[in-house]
> 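Below is the structure I would like to discuss, written out as structure tokens.
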Amino acid sequence: MTVHTRVADRQPLPRYLAPVPTALEDLGLRFAWLVVAINLAGTVFGFWYYQAQLLSTSPVMWPFVPDSPLATLAIALAIAAWKLGHEQPWLTAIAFFGNIILGLWTPYTLLAFWNAYSYLDPLMFHFLFWSHLAMVVQAFVLHRISDFPVWAVAVALAYYGVNLVLDYFVPVVGDLHHTAIPLERTEPMYLGADALGVIGAGEVTVTLLALFLALATRAKLCEAARRAAVE
């Protein structure tokens, strides 16, 4: 049974924490089930896209391979839980981290390896590029359904921290588990870094960014609540 959850009023967050126009936030939350459906469709496409890499990876490591489809699945589940009146802060935090990290890392990688991705049909290249940036947009709406408690941010950081280690440093089972790239890891790239270093540096950077944004959002929401209580 659908629970009609009231859309929370937008808090006075700084623009860098809430860059999406209020009208667009309201529209996305009003049509939340459509957003859920779109993300589930993206999840299905993502698992199809990762099928070759999944088949070559030990099943025990699958939770750390299809990063983008797991991020879209997380935000679909987080929004659905909120709509049903049971918002899960840990799930919302994971969705926020995942959509910020993969929403930025994928376009970064496509641009960093522009020539190597020339085998992609231009339509597919643009679809991957812009659909991942859209993930960032929807991540910035999640402050309307959760206040990002520190413990929930810690859960998200733990998952994506482990994911970083398995992707670029210690594979544990089999090979490193980062998303496949269209050139050798040891291919020299920029500033003395090889291809693995380039993608690893990108993911570390956006993970730290997601951590900062989540904790800054928490701090600013707490400040707003204190001001409201005083007034």
Side-chain angles (χ1 to χ4, degrees), residues 39 41-75 94-139 156-213:
N39 278 279
T43 299
V44 172
F45 170 81
F47 279 114
W48 170 83
Y49 191 87
Y50 273 91
Q51 61 181 322
Q53 189 171 351
L54 287 171
L55 291 174
S56 64
T57 302
S58 173
V60 72
M61 303 310 297
W62 283 0
F64 301 99
V65 174
D67 294 333
S68 292
L70 288 176
T72 53
L73 177 61
I75 200 166
I94 286 177
F96 180 82
F97 268 66
N99 281 262
I100 291 290
I101 293 170
L102 280 307
L104 292 174
W105 180 85
T106 301
Y108 159 80
T109 302
L110 289 170
L111 292 177
F113 302 148
W114 177 280
N115 291 333
Y117 278 111
S118 60
Y119 70 91
L120 285 175
D121 183 278
L123 290 177
M124 176 62 78
F125 185 95
H126 280 281
F127 171 75
L128 293 173
F129 188 90
W130 296 108
S131 64
H132 281 81
L133 286 180
M135 292 168 64
V136 181
V137 174
Q138 63 183 5
L157 179 61
Y159 172 76
Y160 279 101
V162 170
N163 192 62
L164 271 176
V165 171
L166 298 178
D167 277 355
Y168 302 108
F169 303 104
V170 184
V172 180
V173 178
D175 203 357
L176 294 172
H177 302 294
H178 62 80
T179 300
I181 55 176
L183 69 174
E184 293 295 327
R185 294 170 178 159
T186 56
E187 181 76 19
M189 296 295 293
Y190 315 110
L191 303 175
D194 58 14
L196 182 64
V198 169
I199 60 172
E203 190 163 335
V204 169
T205 300
V206 293
T207 300
L208 292 174
L209 176 63
L211 174 62
F212 166 74
L213 291 172

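Residues: numbered from 1 along the sequence shown.
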> Working to the nearest 0.5 Å, report the span between CD1 of Ile75 and CD1 of Ile94.
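Answer rounded to 0.5 Å: 12.5 Å.
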> Please assess Val136 against Ile100 for the test side-chain contact (heavy atoms from CB on, under 4.5 Å), listing each intermediate value before the final yes or no.
CA-CA 5 Å; Val136 181; Ile100 291 290; 3.9 Å; yes
> For a side chain to side chain contact (heavy atoms under 4.5 Å, CB included) with Leu166, tell me which candidate from Val162, Val170, Leu164 qualifies.
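Per the side chain to side chain contact (heavy atoms under 4.5 Å, CB included) rule, the option paired with Leu166 is Val162, out of Val162, Val170, Leu164.
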> If you round to the nearest 0.5 Å, how far is OG of Ser68 from CG of Leu73?
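If we round to the nearest 0.5 Å, Leu73:CG and Ser68:OG are 12.5 Å apart.
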> Quick check: closest heavy atoms across Gly46 and Pro69, and the distance to 0.1 Å?
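Answer, listing the atom of Gly46 first, then Pro69: C-CG, 3.7 Å.
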> So, for Phe47 and Pro66, which heavy atoms are closest and what is the spacing to 0.1 Å?
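Smallest interatomic distance, heavy atoms only, reads CE2-CG, 3.5 Å.
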> Quick check: closest heavy atoms across Glu187 and Leu183, and the distance to 0.1 Å?
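In this case the closest contact between Glu187 and Leu183 is CG-CD1, 3.6 Å.
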> Tyr168: which residues meet the ring pair (Phe, Tyr, Trp, His ring centres under 6.0 Å) condition with it, sequence neighbours left out?
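Residues passing ring pair (Phe, Tyr, Trp, His ring centres under 6.0 Å) with Tyr168: His178.
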> Distance from Thr106 atom OG1 to Ile101 atom CD1, nearest 0.5 Å?
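Going from OG1 on Thr106 over to CD1 on Ile101, the span is 11.0 Å.
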> Quick one: CG on Asn163 to CG on Leu102, what's the gap to the nearest 0.5 Å?
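Separation between the atoms: 8.0 Å.
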> Would Leu211 and Tyr160 count as a side-chain contact (heavy atoms from CB on, under 4.5 Å) if you check the C-alpha gap in whole Å, the side-chain angles of each, and the deciding distance to 0.1 Å?
CA-CA 10 Å; Leu211 174 62; Tyr160 279 101; over 6 Å; no
> Using 0.5 Å steps for rounding, measure from the CZ atom of Phe113 to the CD1 atom of Ile181.
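The CZ atom of Phe113 sits 4.5 Å away from the CD1 atom of Ile181.
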> Quick one: list whatever passes side chain to side chain donor-acceptor pair (under 3.5 Å) with Thr43, sequence neighbours left out.
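Thr43: side chain to side chain donor-acceptor pair (under 3.5 Å) contacts with Thr72.
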> Do Thr109 and His132 pass the side-chain contact (heavy atoms from CB on, under 4.5 Å) test, and can you show the C-alpha distance, the side-chain angles, and the key distance before you say yes or no?
CA-CA 11 Å; Thr109 302; His132 281 81; over 6 Å; no
> By salt bridge (Lys or Arg N to Asp or Glu O under 4.0 Å), which residues pair with Asp194, not counting sequence neighbours?
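Salt bridge (Lys or Arg N to Asp or Glu O under 4.0 Å) check on Asp194 returns nothing, list empty.
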> Can you list every side chain to side chain donor-acceptor pair (under 3.5 Å) pair that touches residues 45-58, not counting sequence neighbours?
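Residue pairs with at least one partner in residues 45-58: Tyr50-Thr179.
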> Could you walk me through whether Tyr108 and Val198 pass the side-chain contact (heavy atoms from CB on, under 4.5 Å) test, one step at a time?
CA-CA 10 Å; Tyr108 159 80; Val198 169; 3.3 Å; yes
> Around Leu191, counting heavy atoms of other residues, nucleotides and ligands shown, do more than 12 lie under 6.0 Å from its CG?
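Not more than 12 within 6.0 Å, no.
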> Within the side chain of Trp105, is there an N or O that forms a donor-acceptor pair under 3.5 Å with the backbone of Ile199?
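Yes.
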> What is the distance from atom CG of Asp167 to atom CG of Asp67, rounded to the nearest 0.5 Å?
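Answer rounded to 0.5 Å: 5.5 Å.
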> So which heavy atom on Tyr190 is nearest to which on Ala112, and how close?
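Smallest heavy-atom distance, with atoms named: OH-O, 2.5 Å.
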> Compile the donor-acceptor pairs under 3.5 Å between side chains in residues 118-129 and protein atoms, sequence neighbours left out, one pair per line.
from, atom 1, to, atom 2, distance (Å)
Ser118, OG, Asn115, O, 2.9
Asp121, OD1, Leu123, N, 2.8
His126, ND1, Trp130, NE1, 3.3

> Go through the structure and list residues passing ring pair (Phe, Tyr, Trp, His ring centres under 6.0 Å) with Tyr117, not counting sequence neighbours.
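Once residues adjacent in sequence are excluded, Tyr117 has no partner under the ring pair (Phe, Tyr, Trp, His ring centres under 6.0 Å) criterion.
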> What are the two closest heavy atoms between Pro59 and Pro63, and how far apart are they?
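Closest approach of Pro59 to Pro63: O-CD, 4.1 Å.
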